[in-house]
Amino acid sequence: MSVGMDAKRRILVIEDEEDIVLGLKEAFSFEGFEVVAAPTGEKGISMAADLHPDLIILDLMLPDTNGYKICEQVRRRDKVVPILILSARSLEADIIRGLEAGADDYVTKPFSLGELLARVRTIFRRSAAAIARPSSEIAVGEAVVNVEARTASIKGRVVQLGFYEASILQLLDEHRGEVVSRDQILDTVWGIDESPTNRTVDNFILKLRRKLEPDPQTPRHIVTVYGHGYKLV
Ligand code: CA
């Protein structure tokens, strides 16, 4: 799946100040985004529903309503679309209220275009990562591993996994049923700069088996494919 920054993403700007809309259109189009704009809250709500934007940039003081209400309305229908509030209201209470209404980020006016672009890129990177990893649970036989908590529960018993154990398991799970070579594991989990030996990988595989396999001596789920690598089945 391509999750690169170059994919054409649609940004809906709900904002009544024309100068700001023009500035955002110019800057974001230049960066390869598609920008659509709504000058009122009502129009914004309908465009959000019809156009399925990848991100909403929302002003708080709109001619017909306030942005908090728009935020809540959008959230009722769409729990996922990132919302960034762009507002002259800079009090902490305003920011907290915006985030509680369901916004993901808050930038105060006057703003720097560079900072806004950076924030938008961060939001897209986060959402791309979440899409690439839809499930944070991995089943290994009767064990269920929670990747974020790095815990495995096996018949009511819970064991903790180390960082590298969890990372290796996650990689094997992404290629479930296929062989993953030791080099692939080293490159993905440790990166090019830090390179422990193949032996290190084998040791972590042994640890994983001790924690997750019913009989670690004769593994049934984290299996060795001789001469090639490991496979999760
Ligand atoms: Ca305004």
Side-chain angles (χ1 to χ4, degrees), residues 1-137 147-149:
M1 180 195 326
S2 166
V3 289
M5 289 292 111
D6 298 334
K8 190 94 168 175
R9 302 195 192 250
R10 181 180 291 156
I11 300 175
L12 169 62
V13 179
I14 306 177
E15 166 72 81
D16 59 320
E17 286 167 68
E18 276 177 33
D19 289 352
I20 291 184
V21 173
L22 285 175
L24 293 181
K25 269 193 173 161
E26 196 177 353
F28 281 95
S29 306
F30 184 75
E31 294 288 320
F33 298 102
E34 180 192 344
V35 180
V36 288
T40 64
E42 195 191 352
K43 186 96 177 102
I45 289 283
S46 72
M47 285 175 85
D50 295 343
L51 300 177
H52 303 291
D54 298 295
L55 171 79
I56 297 174
I57 295 179
L58 176 64
D59 178 29
L60 283 183
M61 287 177 274
L62 293 161
D64 56 338
T65 180
N66 73 58
Y68 301 120
K69 287 194 183 140
I70 302 298
C71 203
E72 287 163 358
Q73 263 177 277
V74 170
R75 269 289 166 263
R76 250 175 262 141
R77 238 184 305 184
D78 187 338
K79 305 258 180 277
V80 190
V81 63
I83 300 174
L84 183 150
I85 290 177
L86 184 60
S87 175
R89 299 164 77 142
S90 58
L91 294 179
E92 198 185 353
D94 295 322
I95 297 173
I96 289 169
R97 193 175 162 200
L99 298 176
E100 279 177 351
D104 297 278
D105 206 350
Y106 196 111
V107 173
T108 54
K109 293 176 188 168
F111 59 97
S112 112
L113 217 40
E115 190 200 340
L116 187 63
L117 274 167
R119 300 265 202 124
V120 166
R121 288 187 177 284
T122 304
I123 289 174
F124 280 141
R125 248 196 319 272
R126 270 201 321 248
S127 55
I131 291 162
R133 217 181 299 134
S135 163
S136 63
E137 284 192 342
V147 177
E148 270 114 50

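When a ligand or atom number is given, it counts from 1 through the structure's own listing order.
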Quick one: CG on D94 to OH on Y106, what's the gap to the nearest 0.5 Å?
-> 4.5 Å

Residue pairs fulfilling ring-ring contact (aromatic ring centres under 6.0 Å, His included) with at least one residue in residues 8-28, sequence neighbours excluded = F28-F33

Ion pair check, R10 and D54, cut-off under 4.0 Å = no

By side chain to side chain contact (heavy atoms under 4.5 Å, CB included), which residues pair with E18, not counting sequence neighbours?
->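 For E18 there are no side chain to side chain contact (heavy atoms under 4.5 Å, CB included) partners, ignoring immediate neighbours.
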
Is there a donor-acceptor contact under 3.5 Å from the side chain of N66 to the main chain of M61?
->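 The answer is no, because no donor-acceptor pair under 3.5 Å joins these two groups.
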
Protein N, O or S atoms lying under 3.0 Å from the Ca ion (ligand 1), listed by chain and number = D16 OD1, D59 OD2, M61 O

With sequence neighbours excluded, give me every salt bridge (charged side-chain N to carboxylate O under 4.0 Å, His left out) pair touching residues 63-77.
->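 Output for this query lists R75-D104.
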
